[in-house]
2 protein chains.
Amino acid sequence: MPPTNPLNQDISLSVIKTACSNCNLRELCLPYGLNLEELERLDDLVSTRRRVKRGDHLYRAGEAFDAIYAIRSGFFKTDVLLEDGRDQVTGFQMAGELLGLDGISTEHHTCNAIALEDSEICAIPFSRLESLSREIHTLQHHFHKVMSREIVRDHGVMMLLGTMRAEERLAAFLLNLSQRFTARGFSHAEFYLRMTREEIGSYLGLKLETVSRAFSRFQEEGHIAVQQKHIRILNVSGLKALMNHRAT
Amino acid sequence: MPPTNPLNQDISLSVIKTACSNCNLRELCLPYGLNLEELERLDDLVSTRRRVKRGDHLYRAGEAFDAIYAIRSGFFKTDVLLEDGRDQVTGFQMAGELLGLDGISTEHHTCNAIALEDSEICAIPFSRLESLSREIHTLQHHFHKVMSREIVRDHGVMMLLGTMRAEERLAAFLLNLSQRFTARGFSHAEFYLRMTREEIGSYLGLKLETVSRAFSRFQEEGHIAVQQKHIRILNVSGLKALMNHRAT
DNA sequence: TTTAGCGGTTGACATGGATCAAGCGAACTC
DNA sequence: GAGTTCGCTTGATCCATGTCAACCGCTAAA
């Protein structure tokens with residue numbers, strides 16, 4: 001039932017929508033571990049929500065940094081560009097994950113963040129986040145953990161790029177996606193890829209043809225079923241075995 | 001002149017030695033930007049100094065995390081291990097740089113830190129660092145910058161591993177070392193490598209033979225002079241040109 | 001329904017770097 | 001001072017992945 005005053009309705013709706021305290025991602029995202037009173041203080045801070053259409057930039061390398069972004073829904077990639085035109089996808093981000101941490105260092109973004117599907121993000125003004133985390137120990141500590149986790153993730157990618165074969169890389173990639181979908185309550189075994197073969201290749205340090213061949217091979221061997229961007233994982237342990245195989 | 005009481009001498013010496021306020025790396029390290037009073041508060045915190053002999057571990061993957069480490073002198077590498085025995089060097093660290101940031105995430109170290117020469121480090125208990133950075137805004141902000149810088153550095157390595165050829169990787173590596181030595185007041189053109197060809201290769205995702213051949217080639221082409229671990233850079237712009245050459 | 005375009009698949013061939021192997025020189029031990 | 005070891009260099013060969021090219025099949029627009 002709409003209330004008598006439609007304006008109030010709008011306001012309360014928008015408040016509800018942008019509140020961390022009300023967000024079902026709060027256990028994955030920045031508010032992790034906060035109590036109710038602390039949550040409400042964080043709500044004050046996370047005031048801006050924005051839609052980003054598929055293909056649009058959330059931010060570009062070189063732009064001034066003043067906020068980090070939490071993904072409320074949707075899917076992003078980040079990439080870095082070299083002067084000579086080469087680029088590399090440095091990550092794929094999904095709901096509950098943070099974007100923009102790279103910008104703190106120089107106060108300018110150092111990569112591009114591009115939506116791979118229509119998405120919604122919450123902007124978190126960074127200086128206000130620092131203020132609040134000076135007051136809320138839990139928030140401070142969790143933020144540090146999130147940054148550290150990003151460093152650990154990057155080490156994993158370095159390992160992957162530095163020592164793994166093409167098929168190992170792709171297996172690791174699929175298992176990682178599967179695990180992150182699971183954490184968000186989706187099927188661990190069946191999902192749609194939001195990115196092209198070329199973007200996967202860029203992330204994994206491979207050419208798109210190599211990615212495509214590896215997909216076909218996994219299918220032949222019964223590890224997965226692929227149809228375009230639709231993936232079904234048929235044999236998780238098979239994929240895991242692929243990863244740890246070579247001991248060169 | 002030694003004072004009459006040799007014990008006092010020892011104490012004051014050790015205090016002087018471990019103080020950030022007295023360390024000539026303070027502009028590169030954690031204390032960056034702090035005023036005198038703040039520096040003294042940081043001094044209280046950085047009480048433990050430790051020597052790490054060449055080849056020894058500062059910490060190992062899996063150990064409980066409770067402190068980060070600032071390198072006072074010396075040279076380290078960090079590496080990650082896969083279950084199947086493969087490993088990858090994730091970085092080389094020199095004086096003024098921090099080690100252990102990866103441990104914050106899980107409260108356990110996720111990599112090994114090994115001294116490549118006899119070194120000295122300052123241990124900074126992490127929970128106390130968090131406390132202090134809740135009180136000193138400048139410290140908090142600078143610590144965030146340092147973590148972010150590590151993320152940006154990792155993206156650079158991902159780019160290198162994902163898109164560059166062997167010679168480009170080595171050129172980038174040499175230029176990076178040169179720049180970091182310069183920042184520490186050493187020659188930008190002449191230095192000793194503290195790591196083996198194999199360790200360089202591991203970091204760059206190459207085999208030691210490939211690293212060796214690339215060194216030889218750089219020498220033939222007059223970009224550098226190599227003799228074992230002694231490197232002289234003869235043509236900086238030549239090396240830079242090597243890096244941005246290919247536009248595939 | 002036809003057509004255009006983009007992403008994906010597959011094949012043939014090329015190549016950069018890995019692998020295997022031999023030898024060398026500097027540093028360390030006895 | 002001789003012998004041993006380890007790190008490095010260099011050559012020959014191999015192979016995983018890149019490159020080039022053709023074609024396929026969704027999807028969307030006309």
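Throughout, a chain's letter reflects where its sequence line sits, starting with A, and its residues are numbered from 1.
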In terms of side-chain geometry, is the basic nitrogen of B:Lys53 or B:Asp118 positioned less than 4.0 Å from the acidic oxygen of its partner? yes

With A:Asn24 via side-chain contact (heavy atoms from CB on, under 4.5 Å) - residues at least two apart: none

[X] [atom1] to [N] [atom2], straight-line distance once rounded to whole Å:
| X | N | atom1 | atom2 | value |
| --- | --- | --- | --- | --- |
| A:Lys207 | C:dT10 | NZ | P | 20 Å |
| A:Phe218 | C:dT9 | CZ | P | 13 Å |
| B:Glu167 | C:dT15 | CD | P | 16 Å |
| B:Leu170 | C:dG16 | CG | P | 17 Å |
| B:Arg169 | C:dA18 | CZ | C1' | 13 Å |
| A:Arg86 | D:dG18 | CZ | P | 14 Å |

Take nucleotides 3-11 of chain D nucleotide by nucleotide from the 5' end and write B, S or -, depending on whether a protein heavy atom sits under 4.0 Å from the base, only from the sugar-phosphate, or from neither. -----SBBB

Say whether B:Gln88 and A:His155, considering side chains only, have a donor N or O and an acceptor N or O under 3.5 Å apart. no

Under 3.5 Å, is there a donor-acceptor pair between the A:Ser237 and A:Asn235 side chains? yes

What nucleotide, of C:dG17, D:dG18, C:dA18, holds the atom closest to the side chain of B:Ala166? C:dG17

So if I take the C1' atoms of five pairs at each end of the helix from C:dT1-D:dA30 to C:dC30-D:dG1 and get each local axis, what angle do the two axes make, rounded to 10 degrees? 40°

